[in-house]
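Keep in mind that this is a model prediction, so the values were computed, not measured. Within every chain, numbering begins at 1; the chains are lettered A, B, ... in the order of the sequence lines, protein sequences first and strands thereafter.
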Amino acid sequence: MTRDAIMAALTEVFHEVFDDDSITLADTTTAEDIAEWDSQTHINLILAAEMRFGVRFRTSELDGLKNVGDFVSVIERKLA
Amino acid sequence: MDQQSVQPPQAPEEADLAWLPAHPDLSAALAAARRLPQPAERVRAAAELAGYRHNFLAAGRIDRLASLDAVPPAELRGLGLFPLRLAILASHTVDHLFPALRVAGLGRRLALDLRVAPYGQYRQVLLGPPTELDEFSPQLVLLALDEAEFQLGLPLEAGEAEVEEAVARRVEEVRHLWRRARERYGATVVQQTIVNTAPPLFGNFEGLVAAAPGALVERLNAGLRRAAREEGVLLLDLAWQVARDGAARWLDPVRWHQAKQLVSLRSAPLYGDLLARVAAAVAGLSRKCLVLDLDNTLWGGVIGDDGLGGIVLGQGSAAGEAYAGFQRYCGLLGARGVILAVCSKNDEANAVEAFDKHPEMVLRRDQIAAFVANWTDKAANLRDIAATLNIGIDSLVFVDDNPAERAIVRRELPMVAVPELPEDVAGYAARLAEAGYFEAAAFTADDAQRGRQYALNAERQRASQTSSTDMEGFLRSLEMVMDAAPIAPVDLARVTQLTNKTNQFNLTTRRYTEAEIAQVMEDPSSVTLRVRLADRFGDNGLIAVVLARPAGEGALAIDTWLMSCRVLGRGVERAMLQSLVRAASARGARALIGVYRPTAKNGMVSDHYAKLGFEPMPPPPGAEDGATFWRLELDRFVAPEHFISIMEGVA
């Protein structure tokens with residue numbers, strides 16, 4: 001999967017988790033940019049992404065996520 | 001008849017609510033429902049979608065669609081939902097489960113209003129100064145504790161007696177918390193059992209070391225269950241559920257370390273449903289009657305085509321054993337008080353022949369309270385069954401192997417629960433159990449007799465049709481004996497159960513917890529009455545309840561008057577009034593005041609007080625809309641005619 005394809009699929013995950021189809025993502029998008037993105041919905045996002053991409057994140061990988069770009073990179077590495 | 005398609009393998013999280021049908025396009029349905037203009041319409045749509053299989057993400061979206069906060073309780077009741085305030089006191093994170101819990105509530109006809117005590121503060125909240133929860137006044141309190149919270153600090157080599165004592169101390173502490181929760185909020189308490197999250201230290205030897213973590217959890221749970229039995233506390237038995245399903249399905253150690261979530265978000269819909277069905281049982285919304293199809297449901301093959309010798313049932317084949325096993329499970333449900341009925345497309349003679357003549361039949365005709373075998377459509381037959389048994393259509397569960405029949409019944413009668421069945425009969429019983437339709441909030445000797453009583457009722461009906469030409473003759477022929485007495489502690493469980501599930505013969509439909517009824521019972525100025533009825537066919541058990549409280553100026557107001565449907569039309573209410581008047585006079589009362597609060601289901605008692613000779617009176621100031629008020633001066637009371645001998649207990 002290319003970075004762009006991952007970003008597109010991740011965007012759909014965000015739409016589903018936040019029930020909002022108007023969300024657009026960039027590498028620099030952070031929780032600051034999305035009103036409903038809090039510690040609770042963060043876990044929803046991770047679980048939804050795990051289901052979507054068929055991957056499992058390690059405890060240590062979760063601590064390093066700062067923005068959407070990091071998120072995409074972790075998924076990219078796992079799918080490689 | 002038996003067309004079953006091969007289903008694609010399901011992701012584990014989607015197999016969780018396996019008894020619910022899959023929606024063809026949930027996303028499109030959600031999008032359409034979001035465009036509905038009225039909040040109440042959106043709640044109705046959300047409640048419908050909650051009846052389809054959904055994962056935690058879909059639950060989140062259905063919850064947002066419902067937005068229950070925005071709809072006042074009266075309107076929710078109008079939608080057929082029962083508003084219930086539930087507080088969760090937990091030693092782990094539970095907030096992530098709320099959306100799925102509310103959606104599970106909708107699926108069980110509840111509008112849940114949820115609050116959570118601050119993380120890990122359950123003791124302070126219950127024992128300390130008032131918090132927001134006191135104001136919230138929960139009707140149900142869940143105490144959700146986990147293994148980490150039950151570290152007893154025992155050395156591994158601690159002996160049997162030392163371990164026993166430490167466990168008993170901890171259980172007593174929890175018991176004290178339950179009592180506090182009852183006193184503080186007047187709530188029904190639910191205790192979550194302790195999930196064994198500790199990896200075994202000793203392997204197979206774990207159970208042989210009294211202080212090993214696994215052995216401790218087991219002992220704690222045994223202690224909690226026993227204490228709960230003694231205290232009338234209900235269980236959310238997560239420990240058993242996790243043991244059955246496997247820890248991998250329920251727990252996620254990453255999320256435990258990340259956010260102290262005991263139950264993983266993935267399992268939120270199932271957890272929500274487990275709790276919602278307990279709450280529904282407390283609210284009297286559990287199903288009452290199991291309606292069974294025959295061909296390919298209770299036996300393999302089609303009796304009309306294959307004949308008595310051709311159907312697959314009992315010893316001789318794996319499938320036959322499995323059908324007999326399913327019959328046994330249904331029979332056991334009957335024995336715990338679920339009413340059994342049959343609804344089958346068959347010639348009645350063929351269907352009856354299988355029951356009467358097949359040597360491997362496990363279920364017997366006399367266990368079936370309503371037996372309908374004909375070629376009319378099943379929706380119409382289900383309506384008839386409910387009418388015959390005098391129960392609501394919404395208390396039926398319909399089990400049929402044929403997906404087409406299931407779909408038709410769901411479409412025609414959305415209030416009937418129709419579980420999806422696995423392709424193999426070997427899984428029928430487990431699926432029915434898993435669906436949790438018959439969750440109990442009490443189990444009394446009366447429940448164990450219920451199946452028999454409904455079957456006897458069928459006999460009584462036949463008696464009324466054949467042996468007596470007139471109603472009076474029939475009623476006399478029943479030789480009814482009524483035992484009327486004040487409610488005693490031994491009656492509490494059954495009385496509470498009746499107040500919470502009686503919908504039709506119920507003048508005010510006020511639901512009470514055991515604690516609330518005990519308060520009325522102990523109040524010397526109030527009058528309570530519990531009525532048992534026996535007749536020549538057998539004992540009907542405890543079938544009616546009255547609670548009356550002083551209303552000033554020598555009047556007693558009848559707060560609650562209800563009666564089980566199985567004794568309708570037999571003049572019991574007339575005999576009861578006689579006992580009530582006597583008890584009221586003994587308290588020095590001069591008048592009785594009755595109130596009728598109409599609901600969607602209690603139309604049959606709208607003229608109850610008029611029929612008993614009460615005079616209409618103007619509603620007192622502040623009375624709710626639609627309620628009617630009635631008054632009976634005791635000195636003008638004339639005992640109405642009935643055909644029941646009255647035995648009165650100590651009043």
Side-chain angles (χ1 to χ4, degrees), chain A residues 1 6-25 29-31 33-68 70-79, chain B residues 9-16 26-31 33-35 42 46 49 54-67 92-101 103 114 116 119 248-269:
Chain A
M1 237 177 161
I6 292 172
M7 186 65 97
L10 193 60
T11 304
E12 286 176 19
V13 169
F14 272 68
H15 290 174
E16 204 174 0
V17 168
F18 295 109
D19 219 4
D20 178 356
D21 290 349
S22 69
I23 293 173
T24 54
L25 297 182
T29 306
T30 68
D33 302 312
I34 297 175
E36 275 195 63
W37 190 349
D38 55 22
S39 61
Q40 173 56 53
T41 47
H42 184 64
I43 292 180
N44 296 13
L45 269 178
I46 288 169
L47 188 50
E50 285 182 343
M51 284 160 57
R52 173 65 187 248
F53 294 101
V55 298
R56 196 85 175 86
F57 300 108
R58 287 201 304 273
T59 319
S60 56
E61 288 167 333
L62 297 177
D63 293 333
L65 299 179
K66 291 192 180 49
N67 56 30
V68 166
D70 288 347
F71 212 161
V72 173
S73 300
V74 174
I75 296 168
E76 195 178 18
R77 207 162 51 234
K78 294 201 155 278
L79 292 176
Chain B
Q10 293 156 341
E13 71 275 1
E14 292 186 340
D16 267 359
L26 200 58
S27 284
L30 275 162
R34 269 199 292 267
R35 287 193 291 271
R42 293 195 291 271
L49 293 177
H54 53 267
N55 64 16
F56 78 94
L57 278 171
R61 302 170 84 185
I62 296 170
D63 181 51
R64 231 165 294 156
L65 170 66
S67 298
H92 45 262
T93 307
V94 291
D95 308 60
H96 62 300
L97 306 169
F98 278 19
L101 174 54
V103 171
L114 304 175
V116 61
Y119 174 79
R249 178 154 155 194
W250 275 94
L251 314 174
D252 183 342
V254 178
R255 244 49 92 186
W256 172 259
H257 292 298
Q258 188 186 13
K260 289 289 170 284
Q261 296 180 352
L262 172 69
V263 173
S264 89
L265 181 59
R266 204 182 284 261
S267 302

Discussion item. Quick check for you: among A:V17, A:T41, A:D21, which has the greatest number of heavy-atom pairs under 4.5 Å with chain B?
Written reply: A:V17
Worksheet item: Can you tell me how far CG of B:D95 sits from CG of A:D38, rounded to the nearest 0.5 angstrom?
Response: 10.0 Å
Worksheet item: What distance do A:H42 atom NE2 and B:H96 atom NE2 have between them, rounded to the nearest 0.5 Å?
Response: 14.5 Å
Practice prompt. Check whether any side-chain heavy atom of A:R56 lies under 4.5 Å from a side-chain heavy atom of B:D252, and answer yes or no.
Written response: yes
Practice prompt. Measure the spacing between CD of A:E16 and CG of B:L30 and express it to the nearest 0.5 Å.
Written response: 9.5 Å
Fill in: Interatomic distance, A:M51 atom CE to B:L57 atom CG [nearest 0.5 angstrom]
5.5 Å
Discussion item. Could you walk me through whether B:Q258 and A:F57 satisfy the side-chain contact (heavy atoms from CB on, under 4.5 Å) test, starting with their C-alpha distance in whole Å, then the side-chain angles of each, then the deciding distance to 0.1 Å, before giving a yes or no?
Written reply: CA-CA 12 Å; B:Q258 188 186 13; A:F57 300 108; over 6 Å; no
Fill in: Residues B:R64, A:D20: salt bridge by 4.0 Å N-O rule
no
Worksheet entry | Contact summary for A:L47 and B:R255, nearest pair of heavy atoms | CD1-NH2, 4.2 Å
